[in-house]
Amino acid sequence: MHAMKKSFARLLMLCCILMPFLLKAQGSQSRLDSVQQKFAVSLAHQFKNYPHEKVFLHASQNVYLSGQTIWYQAYAMAYGKPSQLSKIVYVRLSDAQGKLIRQDKLPLNNSAAYGNIDLPRNLPGGWYSLQVFTAWMLNFDNRNIYGQPIYIQNAQQPIEAVSGTTPVPVKYRIDFFPEGGKLIDGTIAKVAFKAVDETGLPVSVSGQVFDPEGKPVAGLTTVHDGMGAFELETYSGTAYVARVQFPGNVVKDIPLPKVEKTGLSIRVNSAPADELEVAIADVGQQTDVSQILLEAVQDNGLAVSYRLQLNRGTNVFPFKKSDFSTGILRLAAFDQNGQLRAERAVFISPDTPPAISLTANTLSFMSGHENVFALNVRDSKGFPVKANLSISVTDARANTSEDNIGSYVLLDSETGNPVYHPGYYFRNNSDSLRRQLDLVMLTGNYGFLNWYNRLAGGKDIPRYAVEKAQFIAGKIDKFSPSQNLKIKMMIESADSGKIMAYVKPDSSGIFKLDNFAPSGDAAVYYEAVNAKNRKQPVDITFFRHRFDTVRLHTDTSKAPAFSRPAIDFAFLDSIADAENAFDIANGILLKPVNINQVKLARMELLLNAHVKRFDDDNAQNFDLVDEPTLPNEDIIDYITGKVPGLIIQRDPATGNVAMTYHGASELVKGTDGNPDKAFFYIDEVSADVDEVEHLQLTDVALIRFVPPPAWFAPLNGGFVGAITIYTKTQQDDRDTWNSRGSSRGAFDEYNFKGFSVSRDFEADAGNSTPSKQGLAYRTTLFWGHDMQPDENGNIKLRFKAAGQAKKYRVVVQGMDNNGRLIYFEKVF
C-alpha cells in the first residue's frame, strides 16, 4: 500500500512537471489550427470573390507602317481555363505617353475576340502600346494588364527623327536572393543573384564572396541573362561581402543579406520528373518551431495546406508534381503564430505540350505567287486537338517574338517586374531551360504575400462589375415612382437595324436596356412617356462609359528597354520607300475635287423611296412621315376634304365607300345609279376598303391621289381616279425621329458606342496579279482568327508573296478546349 502511494506521488509529480509542456503543445496545436482555418477561409474568399482574370493579345506583328492594319485576337483565361467570367473585352492603342489613339470594345465568344485597327496615315512614327483588358481586371493592379510594345513608322517621316538613341550604361546593380528568403545560421545556403544595367538590361558579371577576414568562401559567375547562383556556408554574426566585376572593369563590393541566428530555410529540387523534393531545415542557435503549416497555392485556384512535423535539422518532404497544374507554385511556411518563416516559388512545367508540325507544300518569295502551308496539331497520344488558334504569316523582319501566350499567362502576369525575353523559356521543355527558369523564380517577385495582395487588390467592394453583356442605361433626374414613367427608345444601329423599346425605371429612376448586341455606333432617340404614352418634360442622363478616359499607365515610354521588340530600321526604311512608290504608281495621292450636288426636296426623296411602278406627274401627294401630329382617324377620314373636287362617301348601311371627282353626272354614275367605287392600292397592290380602313395612319408614309386617267387602274380609273397608299419603311421611321429630334423637339438623341466593327483579313487583297506595282510594303501576308483544326488536326494556309520578303515567320497561338496553351513559331 505504501509502495502504491509512493508510485502515485511520483506520477503526480511527473504530471506536474510535464503539464506546462503539454499545455504548450496543445496551445501550439490550437494556434496552428487557427492559422490553417484563417488561410482556408481567406483564400476561399479571394478566389471566389476576386477571380484573377487574364487576357492575352496576339497581334499580327510588332512593327508597322502608318496606314497599315493591326490584326489581333484576344484570349481570356481565369483559373487556368478559358474564362467564363467576362463577356466583353477592350483593346487599346496608346502612344508612348499613354494618350489614347484608339479603343475597341469586342464581345468575347468562347473566351476569344478578334478585331483590327487601321492605323491613320498621318500617325507620327514612334513607340506605341497595345493593351487588352476586361472591366473586371481594372479592380486590380494595372501592372498585370497585358501590354505589347509596337513600333510604328510613318512613311513620310525620317526614321532618324523618331528612333532615338540608347544611352550608354554607366551604372550597374546586383541583387542577392537567398533561397527561402533569408540566410540562416549553420546552413549551406543557395543564393541566387541578378545583375542589370541602369536600363534594366541583364549584364554578365563575375566575382567572389569574402568573409570578414577577407577569405574567399564562394565564387559567382553569370549563368544566364545576368542571373546565377552559388552556395555558401553561413554563420551568425558573419558579414559576407561579394566583390563583383561588372562590364568595363567596374568593380564593386556588395554586402550580402544579414545572417539570422535562428529560423527556417527552404530548398526545392525540381529536377525529378515526377516529384518536387522540398527540404525544410530547422536550424540556428535554438529551435522555436516544431510544427509548420506549408501553404501551396497557384493562381488557378488551387490551395492546399500541409501540416508538417519538423525535427531538428533538415526535413525532406516529397510532393507529386501531378497534384499541381502547369505554372508557378508558391510554397510558404508559416509558424503557429501565422508568421511567414520561409517561402519559395517553383515553376511546374507542362507534362507534354501539344505537338505542332508545319510544312510548306508550296514556297515562293516571288511577288504574287501562291504559298500553301499545312499545319497539324496533335496531343501527346497522337490524337487531333480541338483548339481555337490565331495564325500570322509575316515578313520575318516585321515580327520578333519577345513573349507569347504561355510566357504571359504563366509567367509575366504573375509578377510586377518584367521578365527579360519571357518567351525564351517556353520554346521547349528541355532541362537547361527548366534550370534557367528556376533562376527566374529565385530572383523574381513571386512571393506568396505579394501575390496574395495583388490578387485581392486591396478592395473589398470592386469598382467595376463583371460585364456579361452590352447595355444602354441612364437615369431620370428628380424621379418619383408616382410619375409612372417609361423611357421610349428607338435605336438605329450602324447596319440600319432598328429596335423599338420601352424601359421601366426602378424606384430611383435608373433604367437599363439589357443585352444590346449590335456593333458600331447606334443613334438612340428617346423620350419619357406616361401611362397614356404622352411625352413628359423630364431630364434624362445616359451613363457614359468610364473606360473611354481611364489611363492604364502614366507613361509607357518608361517601360524597360528590353521589353521592346528588336527593330530592323533598314527594313522599315525599305518598306516605307515601297509604300511611297505604291502611292505614286497607283494614283492614291489625289488632289481634292469639289462636286456640287443638287439636294433633292423632301417629297422627291419620299417618292423615289416608295413609288416603283405607279408613277404619275399629276398626282397629289400627302407626306405622313413629317406630319408633326397624326389625327386619331382612319385613312378614309384623313383624305376626305383634302383634295379639291374629290368627294368621298361612306354608306352607313353597307359600309361601301364611293367617290366622285368634280361632281356627279350620268357619266360618272354606275349601272346601279350609285357613284363608282373607289380604287385603292396599298404598296401598289390592289386593296379593298376594309384593308384600307384597318391600316393605321402611323404605319403610312405617303398617300397619293391620282386623278383620272389613272393608267394603272381598271378602265384607267374611270372618272374617279385612284388612291395609292405607301406604308413606312425603316428609313421613314428614322427620318421621322431625325426630323422631330432635330427641328421639332419631340425626341432627344444620344449616341451609344457599341461593339467595334471588325473585318476579316483578305489574303489575296491587292495581290491579284504578280506584276502589280507596289506590293512590297505589305508585311502581314496571312492572318487567321478563330481557326479550328479539322477532325484530323489539320489547317491549310494559303497566301501570296508580297515581293520584298526573303523569309516568312509563322506564329501560331491559342488554347485548346481544356485551357492548355498553344504556341508555335517557325521561320521559312
Side-chain angles (χ1 to χ4, degrees), residues 87-88 135 461-494 496-518 521-546 548 623-635 637-638 693-701 727-755:
K87 297 299 181 183
I88 297 177
I461 301 177
R463 292 184 300 154
Y464 301 97
V466 173
E467 288 189 305
K468 293 294 186 182
Q470 190 171 242
F471 61 85
I472 299 176
K475 184 177 182 179
I476 303 175
D477 297 339
K478 299 179 181 179
F479 174 76
S480 172
S482 62
Q483 294 174 286
N484 196 21
L485 298 181
K486 291 185 294 185
I487 304 299
K488 181 167 66 174
M489 290 186 281
M490 190 185 82
I491 308 165
E492 183 181 7
S493 57
S496 297
K498 289 191 175 181
I499 297 174
M500 183 72 79
Y502 289 83
V503 185
K504 186 78 174 175
D506 63 15
S507 59
S508 65
I510 294 177
F511 58 89
K512 181 181 178 184
L513 178 64
D514 277 318
N515 300 315
F516 181 68
D521 290 358
V524 181
Y525 302 96
Y526 65 93
E527 64 182 10
V529 297
N530 61 16
K532 295 182 179 181
N533 202 33
R534 293 179 180 174
K535 180 180 178 179
Q536 301 299 300
V538 297
D539 292 328
I540 298 173
T541 301
F542 279 83
F543 297 151
R544 303 284 178 174
H545 213 305
R546 289 183 288 179
D548 293 337
D623 177 6
L624 275 69
V625 171
D626 281 340
E627 187 75 31
T629 57
L630 292 173
N632 186 20
E633 58 188 10
D634 60 27
I635 292 177
D637 293 334
Y638 177 82
E693 287 184 312
H694 286 90
L695 191 62
Q696 299 293 321
L697 281 180
T698 54
D699 295 329
V700 177
T727 58
K728 284 182 178 178
T729 63
Q730 290 183 351
Q731 180 67 31
D732 297 318
D733 286 338
R734 187 190 69 179
D735 292 342
T736 301
W737 285 67
N738 277 341
S739 62
R740 294 178 185 179
S742 60
S743 61
R744 315 229 174 137
F747 297 98
D748 295 315
E749 182 176 353
Y750 163 67
N751 186 52
F752 177 80
K753 292 187 175 297
F755 289 129

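The structure presented is a predicted model; accordingly, all values stated were derived computationally and were not measured.
Of all the heavy atoms in Val524 and Met489, the pair that sits closest is CG1-SD, 3.8 Å. Nearest heavy-atom pair across Ser507 and Pro481 is O-CG, 3.8 Å. The minimum heavy-atom distance between Lys488 and Val529, with the atom names listed, is CE-CG1, 4.1 Å. Asn515 and Ala469 get closest at one heavy-atom pair: OD1-CB, 3.2 Å.
In this structure, Asp506 has no salt bridge (Lys or Arg N to Asp or Glu O under 4.0 Å) partners at least two apart in sequence or on a different chain. In this view, Phe479 satisfies the ring-ring contact (aromatic ring centres under 6.0 Å, His included) rule with no residue, not counting sequence neighbours. For Asp539, the salt bridge (Lys or Arg N to Asp or Glu O under 4.0 Å) test picks out no residue, with sequence neighbours left out. Under the side-chain hydrogen bond (donor to acceptor under 3.5 Å, both in side chains) criterion, Asn484 pairs with Lys504, sequence neighbours left out. The side-chain contact (heavy atoms from CB on, under 4.5 Å) check on Ala473 picks up Phe471, Lys512, Phe543, with sequence neighbours excluded.
Summarising the geometry, atom CD1 belonging to Ile540 is positioned 8.5 Å from atom CG belonging to Leu485; distances are rounded to the nearest 0.5 Å. Taking OG1 of Thr541 as the start and OH of Tyr750 as the end, the distance is 11.0 Å to the nearest 0.5 Å. Atom OG1 of Thr727 and atom CG of Leu624 lie 11.5 Å apart (nearest 0.5 Å). Considering OH of Tyr525 and CE of Met490, their distance stands at 6.5 Å, rounded to 0.5 Å.
The aromatic rings of Phe752 and Phe516 sit perpendicular, their planes meeting at an angle over 60°, well past the 30° parallel limit.
When atom types are taken as modelled, the side chain of Gln470 and the backbone of Phe755 share a donor-acceptor pair closer than 3.5 angstrom.
Applying the salt bridge (charged side-chain N to carboxylate O under 4.0 Å, His left out) definition to pairs two or more places apart or across chains, none involves residues 472-482.
Residues Ile491 and Leu513 form a side-chain contact, since some pair of their non-hydrogen atoms from C-beta on lies under 4.5 Å apart.
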